[in-house]
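Throughout, a chain's letter reflects where its sequence line sits, starting with A, and its residues are numbered from 1.
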There are 2 protein chains.
Amino acid sequence: MGRRATTRRIGIADVALKAGVSHATVSRVMNGNFTVDATIAARVRAAATELNYQPNPVGRSLALGKTDTIGIVVPDLSNPTFQAILRGLSMAAAQDGYRVLIADSSEVSSEEAILAGEARRRCDGLVLCAPRMSDAELEELAPSLQPMVLINRTTDAHAPSLMVDYGQGIQELAEHLVGLGHTRLAFLAGPERSASNGLRLLGLEKFKAGHPEIDLQMLEGGSNFEVGHQSVDAVLASGATGVLAFNDLVAMGLLSGLHERGIRVPEDISVTGFDDIPFARYTTPTLTTAAVPITELGQQAWHRMRDLIRNVPSDAAPEGPTVFQPRLEGRSSTGPASAERRGG
Amino acid sequence: MGRRATTRRIGIADVALKAGVSHATVSRVMNGNFTVDATIAARVRAAATELNYQPNPVGRSLALGKTDTIGIVVPDLSNPTFQAILRGLSMAAAQDGYRVLIADSSEVSSEEAILAGEARRRCDGLVLCAPRMSDAELEELAPSLQPMVLINRTTDAHAPSLMVDYGQGIQELAEHLVGLGHTRLAFLAGPERSASNGLRLLGLEKFKAGHPEIDLQMLEGGSNFEVGHQSVDAVLASGATGVLAFNDLVAMGLLSGLHERGIRVPEDISVTGFDDIPFARYTTPTLTTAAVPITELGQQAWHRMRDLIRNVPSDAAPEGPTVFQPRLEGRSSTGPASAERRGG
DNA sequence: GAATAATGAGAAAGCGTTTTCTCAGAGCGT
DNA sequence: ACGCTCTGAGAAAACGCTTTCTCATTATTC
């Protein structure tokens with residue numbers, strides 16, 4: 001038997017009693033079923049407002065087999081990128097009366113699977129944001145997580161996938177620096193397990209192939225301020241005049257570290273970020289970066305999810321992953337390579 | 001009758017059938033009830049794993065009268081402060097096996113009440129983050145939202161409340177500027193409806209009373225980058241040498257705008273922020289601000305909520321609001337008032 | 001005016017659990 | 001050997017809702 005709450009919430013039965021009708025009729029009225037006589041409907045509505053009746057969503061969910069909630073699994077909620085996706089998703093879902101449940105895996109990829117499964121059971125669908133789990137695990141898990149939408153990840157299992165073309169974006173940034181006369185570049189890489197870092201590396205391979213004359217060094221890194229800030233020495237040691245940071249956060253950390261050393265940006269060194277987070281317009285100097293329409297990505301994630309939930313035939317949605325192209329956002333952290341450093 | 005899913009999820013009944021026991025026994029085993037014979041328990045567990053049985057949380061919620069979920073209502077998810085609270089709350093709640101449901105009111109205070117009520121019914125409790133609704137409305141709503149925790153807001157209705165002492169913080173920042181020799185200050189205010197802006201104004205009133213010699217001007221503002229960026233003219237026109245921005249975002253916008261005009265910070269003008277968001281350490285110059293332990297605030301919100309849910313006697317928790325004191329974080333965006341501007 | 005169709009509302013089953021109630025059977029003492 | 005307690009498991013109610021099924025009432029038609 002269920003637990004009896006200390007003060008029982010008022011339910012459909014109370015309204016039915018007060019209006020002198022059956023549970024069924026109350027339910028019908030509450031759901032706008034027009035097979036109910038107008039007089040009775042009015043009486044029920046009156047009773048409902050008088051008792052301040054609010055249907056219990058849990059009972060509703062059980063009967064209807066849906067929760068009007070979707071889950072989102074993110075590796076780290078402190079990352080502005082994931083925050084923006086969450087926001088876009090949440091806003092878009094709210095438009096259609098859906099709520100968002102959060103599951104933060106704290107970058108612990110081993111917990112991700114359990115977390116995802118648990119979240120999925122509470123929701124009508126799941127958005128997996130750049131999952132850190134292996135391809136094999138993802139594919140194995142996929143069936144039990146449907147309907148599911150992937151962000152910055154693909155899988156052979158059938159699931160819509162939204163990708164940002166980080167490879168193309170980083171290439172454009174590199175080309176941008178080359179166009180400014182830089183010949184020695186450095187890439188401040190991101191986290192090992194990050195799929196988006198892999199895409200950047202792939203893009204840079206292509207870039208290298210197309211520009212054998214350019215010296216491009218790979219430096220170890222990460223994804224936050226501290227990493228950028230602590231990389232000043234490595235960057236200077238590399239002799240690069242143009243630095244491609246993994247993302248805007250790293251770039252900002254680097255900018256700050258360079259400033260402390262009295263090294264001028266862009267006069268001495270040019271720096272680029274990635275993502276175009278809102279802050280990038282307001283750094284000093286303003287940050288050249290590759291803009292990712294991240295909020296739109298969250299929105300799109302919801303739209304794909306909605307199609308799945310509503311069972312829209314899959315041929316209405318694109319088969320392969322939807323790819324978002326970053327847009328080069330030239331600002332003042334990049335400039336012509338300085339004459340003296342250009343030489344060596 | 002409930003909706004029959006296209007492919008029925010496997011339920012407790014399937015496990016019971018396979019193990020040759022009753023629903024009840026399966027439930028007992030799954031919940032670690034030791035009144036079940038070890039042999040039978042093992043058989044049930046085997047059946048469960050073989051069928052990959054996962055209890056349906058909705059059914060569970062209905063029977064148990066709890067959802068293991070709490071809701072958070074925020075005025076704007078794009079605000080780093082609310083993001084940080086959300087993060088702290090989510091992490092802390094996850095520790096105790098609770099999930100967080102998001103309700104973003106998009107600063108529309110009229111929707112807030114409905115949103116809150118709806119979220120509450122889906123959850124075991126509600127965290128209201130700086131609600132924009134009126135005091136009267138909040139108090140009227142409070143009973144139906146219990147258990148509830150307030151952040152940056154109080155109410156006469158009984159509910160734990162976590163407050164940041166913005167008044168004290170802004171006073172310290174102002175004192176800091178005065179200590180550096182500034183005599184003409186300006187406050188770039190926040191949104192009208194924001195309670196935290198009201199607290200800052202109150203603090204500044206006190207400050208004025210204690211420093212009749214200081215010229216403190218109030219400038220209209222807001223809470224984001226753009227506002228700070230667009231306020232450069234107003235700030236310059238005010239003749240102030242020290243500017244108290246509503247928060248770090250506004251300060252960063254201002255910093256950027258001043259930089260574009262070639263006005264040096266802190267040599268020509270000193271600027272302070274508020275909140276100490278992670279970015280504040282990495283602006284150029286680094287931002288003097290009042291640090292708010294915001295993630296801890298989210299954490300505390302969960303702990304208060306947990307006490308309410310577990311029905312811990314209220315005398316265990318403090319009666320009045322818990323107040324968090326901001327800590328002055330002196331960095332390089334503030335410096336001695338310049339001789340030439342100090343005069344006029 | 002009687003047979004038929006249309007309308008509207010109640011009874012009850014079902015959603016998937018938990019938990020109380022109940023009772024069969026085992027263990028034990030006398 | 002009989003009655004007692006105790007253990008363990010099944011039957012069934014409860015959680016709060018939706019919806020099908022069913023049937024009573026009224027409207028329609030020849």
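Remark: the backbone N or O of A:N33 is not paired with any side-chain donor or acceptor of A:N31 at under 3.5 angstrom. For A:R9 (side chain) and A:Q54 (main-chain N/O), a donor-acceptor pair under 3.5 Å exists by modelled atom type. For A:E112 (side chain) and A:R132 (main-chain N/O), a donor-acceptor pair under 3.5 Å exists by modelled atom type. Within the 3.5 Å criterion, the main-chain N or O of A:T67 finds a donor-acceptor partner in the side chain of B:R122. A:S61 places a side-chain N or O within 3.5 Å of a backbone atom of A:K66 that can act as its donor or acceptor partner. Using modelled atom types, one side-chain atom of B:T155 and one backbone atom of B:A157 make a donor-acceptor pair closer than 3.5 Å. The closest donor-acceptor contact from the side chain of B:R87 to the backbone of A:L77 lies at 3.5 Å or more, if one exists at all.
In this structure, the CD1 atom of B:I12 is 14 Å from the P atom of D:dA11, given to the nearest Å. When the C1' atom of D:dA14 is taken as reference, atom NE2 of B:H23 falls 14 Å away, rounded to whole Å. Atom pair A:R60:CZ and D:dT19:P shows a separation of 8 Å (rounding to whole Å applied). At whole-Å resolution of the value, CG in A:D14 and C1' in D:dG16 are 11 Å apart. Taking atom CG of A:L64 as the reference point, atom P of C:dG14 lies 17 Å away to the nearest angstrom. Atom CZ in B:R121 sits roughly 14 Å away from atom C1' in D:dC17 (whole-Å rounding). Put simply, CG on A:N31 is 12 Å from P on D:dT20, counting in whole angstrom units. In this structure, A:I10 atom CD1 and D:dG16 atom P are separated by 11 Å, rounded to whole Å.
Between C:dT17 and B:Y53, a contact under 4.0 Å exists linking OP1 or OP2 to a side-chain N or O. OP1 or OP2 of D:dG10 sits under 4.0 Å from a side-chain N or O of B:T25. Considering only side-chain N and O atoms, B:S27 lies nowhere under 4.0 angstrom from the phosphate OP1 or OP2 of C:dT17. Not one side-chain nitrogen or oxygen of B:R28 sits closer than 4.0 Å to the OP1 or OP2 atom of D:dA9.
For B:N56, whose side chain is taken as the heavy atoms from C-beta onward, the closest listed nucleotide among C:dG10, C:dG16, D:dG16 is C:dG16. Proximity note for A:A63 (side chain, C-beta onward) versus C:dT17, D:dC17, C:dA9: the nearest is D:dC17. Closest to the side chain of B:L62, out of C:dG16, C:dT19, D:dC17, is C:dG16. Counting only heavy atoms from C-beta on, B:D37 has its side chain closest to D:dG8 among D:dT18, D:dG8, C:dT18. For A:V21, counting side-chain heavy atoms from C-beta on, the closest listed nucleotide (C:dT17, C:dG10, D:dA11) is C:dG10.
Two end axes, each from the C1' atoms of five base pairs, can be drawn for the helix from C:dG1-D:dC30 to C:dT30-D:dA1; they diverge by 60°, to 10 degrees.
When the nearest nucleotides of DNA chain D are assigned to B:F34 and B:G59 by heavy-atom distance, the more 5′-ward of the two goes with B:F34.
Results of the side chain to side chain contact (heavy atoms under 4.5 Å, CB included) test with A:C129 over A:D76, A:I72, A:L89, A:L297 single out A:I72 as the only residue that passes.
Residue A:P57 is out of contact with every strand shown, counting any heavy-atom pair closer than 4.0 Å.
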